[in-house]
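I have placed the structure first, in the form of structure tokens, so that the comments after it can refer back to it.
Worth knowing before you read on, the calculation uses all heavy atoms, side chains too, and leaves out hydrogens, waters and symmetry mates.
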Amino acid sequence: MEAVGYDLYCKMLNDAVKTLKWMANYDLNPAADADRSTSLVLFEDVCGGKIEWVQTNWESRYTDLANYVQSNTAPDIFPADDMDTHPKG
């Protein structure tokens, strides 16, 4: 049977990249004494993936992102939780 849904996601991950670069002013990886989120547990334990934090600060996040993109080392994930990166209206 063909892989579908989450199984397909894990298969694609196994065939591709194991480490995703996350650029933000906060880390998705918890402190050593903290619990991991459910999504991080699934990503790491089931799919064998890792999140590499590329640290930036709030004020320079877009400049840092542009510099990484221009140097062909763009992060895989960048937050849009402030939603000021998307047109409104």
Side-chain angles (χ1 to χ4, degrees):
M1 184 166 119
E2 289 280 324
V4 295
Y6 193 75
D7 291 335
L8 178 60
Y9 170 75
C10 288
K11 180 185 179 317
M12 290 169 48
L13 183 64
N14 285 331
D15 293 343
V17 164
K18 291 285 188 182
T19 302
L20 297 178
K21 291 189 295 183
W22 159 255
M23 176 183 272
N25 61 318
Y26 57 95
D27 194 355
L28 291 177
N29 299 298
D33 59 343
D35 291 333
R36 295 181 295 165
S37 68
T38 302
S39 56
L40 190 57
V41 168
L42 289 170
F43 182 66
E44 291 181 343
D45 297 352
V46 175
C47 297
K50 296 287 179 205
I51 302 291
E52 174 190 336
W53 181 31
V54 179
Q55 188 172 2
T56 186
N57 62 53
W58 184 261
E59 293 77 24
S60 67
R61 66 193 187 280
Y62 295 118
T63 302
D64 293 343
L65 177 62
N67 290 335
Y68 273 82
V69 169
Q70 290 174 347
S71 67
N72 291 324
T73 59
D76 300 301
I77 312 169
F78 187 82
D81 49 1
D82 61 355
M83 298 306 288
D84 65 358
T85 58
H86 302 282
K88 294 182 169 89

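- Among residues two or more places apart in sequence or in another chain, the side chain to side chain donor-acceptor pair (under 3.5 Å) test is passed with S71 by T73.
- Tracing side-chain contacts under 4.5 Å through hydrophobic residues (I, L, V, M, F, W, Y), one never reaches V41 starting from W53; they form parts of separate clusters.
- Applying the side chain to side chain donor-acceptor pair (under 3.5 Å) test to S60 and every residue at least two apart in sequence or in another chain returns N57, D64.
- Of all the heavy atoms in P30 and D35, the pair that sits closest is CB-O, 3.6 Å.
- In terms of the side-chain contact (heavy atoms from CB on, under 4.5 Å) criterion, residue partners of N25 (sequence neighbours excluded) are, by chain and number, W58.
- Across all non-hydrogen atoms, the minimal contact from Y68 to M23 is CD1-CE, 3.1 Å.
- Every residue two or more places apart in sequence or in another chain was checked for a side chain to side chain donor-acceptor pair (under 3.5 Å) with N67, and none qualifies.
- A salt bridge (charged side-chain N to carboxylate O under 4.0 Å, His left out) check over residues 45-59, counting only residues at least two apart or in different chains, returns the pairs R36-D45.
- The side-chain contact (heavy atoms from CB on, under 4.5 Å) check on L28 picks up W22, Y26, I51, with sequence neighbours excluded.
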